[in-house]
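Letters A, B, ... are given to chains in the order of the sequence lines, protein chains preceding strands, and every chain is numbered from 1. Computed from heavy atoms alone, side chains included, the values below leave out hydrogens, waters and symmetry copies.
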2 protein chains.
Amino acid sequence: MPEEHHPDHAPLELEHFLPYRLSILSNAVSQAIADDYQRRFDLSMTEWRVMAVLARFEGLSAREVAERTLMDKVAVSRALAKLVESGWVTRATHDGDKRRSVLGLSEAGWSVHEVVAPMARTHERELLAKLDEEERAWLARILDKLLSGSF
Amino acid sequence: MPEEHHPDHAPLELEHFLPYRLSILSNAVSQAIADDYQRRFDLSMTEWRVMAVLARFEGLSAREVAERTLMDKVAVSRALAKLVESGWVTRATHDGDKRRSVLGLSEAGWSVHEVVAPMARTHERELLAKLDEEERAWLARILDKLLSGSF
DNA sequence: TGCAAATGGTTTCATATGTAACTATAACGT
DNA sequence: ACGTTATAGTTACATATGAAACCATTTGCA
């Protein structure tokens, strides 16, 4: 009997259960990065994600930020409130549609970005350093597939 | 110039940033599963993880549950309060150490487990169905490496 | 036009989560 | 034995998060 057969109702072995493993890994990695910029800038993960997307796409509305970050609009609204308050994000009203905001990084926001982006990349590099070139390529391909469709 | 060079401070492209991709994938997967058993049993993810580990290891203490699930002791304490209240987990006091509890699934708890464990496995299978055999093998190997050490 | 429905965004409320303080018991060193 | 320190677990408080209600504006259409 070369293989073990687990009946469907057998106790779940969390440490071999893919969703659990993904969750542990993802939380550990994200938390390590977040701790880093939290300490330096009192910036939450959601706030940083908003800044990252505004660094790439100047002039987005809050809804567009929500789409790009896959966050819900309430989370974005709150993050923006804090970022505008901190002076890192500028908010104006859209010409011709007074409902929409027009968002962007301020000078101060850009200088925060210039510190945090490299920090984030460094963490990513450290993680990827555990893999060899071939594994990195497979991982990219596998994540593409797993993320395709639903998201 | 065959390759693009991203200066370290260039805007971060979230959709290519490994920690972000892991987070999106992990949250989507875990949430899909959790929604499922939440609806049927009003069971949170932390509560289910506690039940899963008690299904495998009868008689653990709360601290041991926390170790095995990588949850902190407060989260475990709260999950247990609700699970004992629901009648799915039994709690006794350890002979010879009145601080420790001795935990296990009740009959009702086992029957919940018998429904939820297959649900969880089904979600895992659906996720893995997006990959071929070779990719699944690489994924397992890569996660082993990424999770090794720190966790 | 003008009114119903949709959209962008904020606020409210209820729940979840993390940190630190706390209680009870046990272990350790003298 | 006895006081100090450590451990198991819970409670309290402060903050984070999500769902639904809400306000303002705009769009669609009779």
K.L.:
Please list each protein N or O that sits under 3.5 Å from an N or O in nucleotides 23-26 of chain C, with the distance.
P.N.:
from, atom 1, to, atom 2, distance (Å)
C/dT25, O2, B/Arg99, NH1, 3.3
C/dA26, OP1, B/Lys98, N, 2.9

K.L.:
Please determine if a side-chain N or O atom of A/Ser77 lies less than 4.0 Å away from the OP1 or OP2 oxygen of C/dT10.
P.N.:
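Checking A/Ser77 against C/dT10: at least one side-chain N or O falls below 4.0 Å of OP1 or OP2.
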K.L.:
With hydrogens left out and only the distance checked, is there a donor-acceptor pair under 3.5 Å joining B/Arg78's side chain and the base of C/dG18?
P.N.:
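A donor-acceptor contact between them is present.
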K.L.:
Does the distance from a Lys or Arg side-chain N to an Asp or Glu carboxylate O, for B/Glu135 and A/Lys145, drop under 4.0 Å?
P.N.:
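Yes, this pair counts.
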K.L.:
Distance to the ring centre below 6.0 angstrom and angle to the axis at most 45 degrees; does that hold for A/Arg68 and A/Phe57?
P.N.:
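Yes.
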K.L.:
Ignoring hydrogens and angles, state whether a donor on the side chain of B/Ser23 or A/Arg49 is under 3.5 Å from an acceptor on the partner side chain.
P.N.:
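Their side chains do contain a donor-acceptor pair, which is all the 3.5 Å distance test asks for.
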K.L.:
Verify the distance criterion only: is there a donor paired with an acceptor across the side chains of B/Glu114 and B/Ser111 at less than 3.5 Å?
P.N.:
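No donor-acceptor contact under 3.5 Å links the two side chains.
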K.L.:
Rounded to whole angstroms, how far apart are CZ on B/Arg100 and C1' on C/dA27?
P.N.:
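Nearest whole value for this atom pair: 12 Å.
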K.L.:
On DNA chain D, which is the earliest and which the latest nucleotide, 5' to 3', with an atom closer than 4.0 Å to a heavy atom of chain A?
P.N.:
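Answer, 5' to 3': D/dT17 to D/dT26.
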K.L.:
Could you label the plane-to-plane angle of the A/Tyr37 and A/Trp48 rings as parallel, tilted or perpendicular, counting under 30° as parallel and over 60° as perpendicular?
P.N.:
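Taking A/Trp48 first and then A/Tyr37, their aromatic rings sit tilted (interplane angle of 30° to 60°).
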K.L.:
Please determine whether the number of non-hydrogen atoms from other residues, nucleotides or ligands lying under 6.0 Å from atom CG of A/Asp132 exceeds 12.
P.N.:
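More than 12 heavy atoms, drawn from other residues, nucleotides or ligands, come within 6.0 Å of this atom.
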K.L.:
Are the side chain of B/Glu58 and the backbone of B/Gly104 linked by a donor-acceptor contact shorter than 3.5 Å?
P.N.:
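No, B/Glu58 side chain to B/Gly104 backbone: no donor-acceptor pair under 3.5 Å.
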K.L.:
Between B/Gln31 and B/Asp35, do the side chains contain an N or O donor and an N or O acceptor separated by less than 3.5 Å?
P.N.:
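Present: a donor and an acceptor within the cut-off.
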K.L.:
Within residues 31-64 of chain B, which residues have any heavy atom lying less than 4.0 Å from an atom of DNA chain C?
P.N.:
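Those residues: none at all.
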K.L.:
What is the minimum heavy-atom distance between B/Val102 and B/His94, and which atoms define it?
P.N.:
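So the two residues come closest at CG2-CA, 3.6 Å.
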K.L.:
Report yes if at least one side-chain N or O of A/Arg91 is closer than 4.0 Å to OP1 or OP2 of C/dG8; otherwise report no.
P.N.:
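Negative; the distance criterion is not met.
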K.L.:
Check the orientation of A/Trp138 and B/Trp138. Use parallel for under 30°, tilted for 30 to 60°, and perpendicular for over 60°.
P.N.:
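Ring orientation, 0 to 90° scale: parallel.
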